[in-house]
Amino acid sequence: MQNLKKKKIEAHETKPKGNNEDSQLEEFFLNALEDIYWAEKHLIKAIPKMIKATTTEELRKVFEEHLEVTKEQATKLETVFELIGEKAQAKKCKAMEGLTKEAESIIEETNEGSLTRDVGLIMAAQKVEHYEIATYGTLVRLATAIGRQDAADIFATILDEEKEADMTLTGVAENNINLEATHEAKV
Ligand code: FE
Ligand code: FE
Ligand code: ZN
Ligand code: FE
């Protein structure tokens with residue numbers, strides 16, 4: 001925080017007024033990139049736990065596929081770091097940490113082999129996807145604003161992948177799991 005403040009003042013002193021806001025925005029952009037990079041890397045560790053916990057093969061396949069997509073997304077973000085001439089660095093995303101903790105709680109609170117477990121896992125996964133959709137949507141606009149169309153294009157690709165994952169999860173829930181889970185007895 002101290003550093004940030006100092007940098008802000010320096011920018012104000014050395015740059016003309018018009019550029020001052022640009023430098024703050026660029027710094028904000030880099031922070032947001034480091035945050036989502038941490039989130040994607042964290043998901044690479046968290047999704048396997050969700051895969052293991054699934055009841056239906058249908059949901060397991062969706063998670064397995066998104067794990068591979070997520071690994072590629074982390075690589076795509078490394079490309080963005082390269083493009084802007086920064087070292088790929090991860091900064092803890094408290095939101096994603098919380099969302100994956102919630103997924104773990106859901107696993108603990110539901111019975112192994114139950115469809116209710118899958119309903120819970122879908123909810124947890126969709127919360128993750130929605131967080132990512134919000135983040136990448138902003139990153140597309142941010143990258144465009146600071147004149148990095150090359151980065152904006154990569155974020156737009158990832159944004160589409162997250163939206164697709166979200167829709168696929170809705171499909172799985174609507175297809176059968178939610179309906180069948182309503183017949184499931186309490187244990
Ligand atoms: Fe992702
Ligand atoms: Fe974040
Ligand atoms: Zn965060
Ligand atoms: Fe995702």
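In listed order, ligands and their atoms are each counted from 1. Predicted, not measured: the structure shown is a model, and the values here were computed from it.
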Heavy-atom neighbours of E65 CD exceed 12 at 6.0 Å: no
Pair I84-L33, side chain to side chain contact (heavy atoms under 4.5 Å, CB included): steps then yes or no: CA-CA 11 Å; I84 63 167; L33 177 60; 3.9 Å; yes
2.8 Å cut-off met by an N, O or S atom of T135 to the Fe ion (ligand 2): no
Mutual orientation of the aromatic rings belonging to F155 and Y136 [parallel < 30°, tilted 30-60°, perpendicular > 60°]: tilted
Atom name in D35, limited to N/O/S, at shortest distance from the Fe ion (ligand 2): OD1
Number of protein N/O/S atoms that sit closer than 2.8 Å to the Fe ion (ligand 1): 5
Angular separation of OH (Y131) and SG (C93) seen from the Fe ion (ligand 2), to 10°: 100°
Side-chain (D118) to main-chain (T55) donor-acceptor, under 3.5 angstrom: yes
Single-linkage hydrophobic cluster, 4.5 Å side-chain cutoff, M167 and L59 together: no
N/O donor-acceptor pair under 3.5 Å between E184 side chain and L115 backbone: yes
Side-chain cluster (under 4.5 Å, hydrophobic types only) that I106 belongs to, other residues: M123
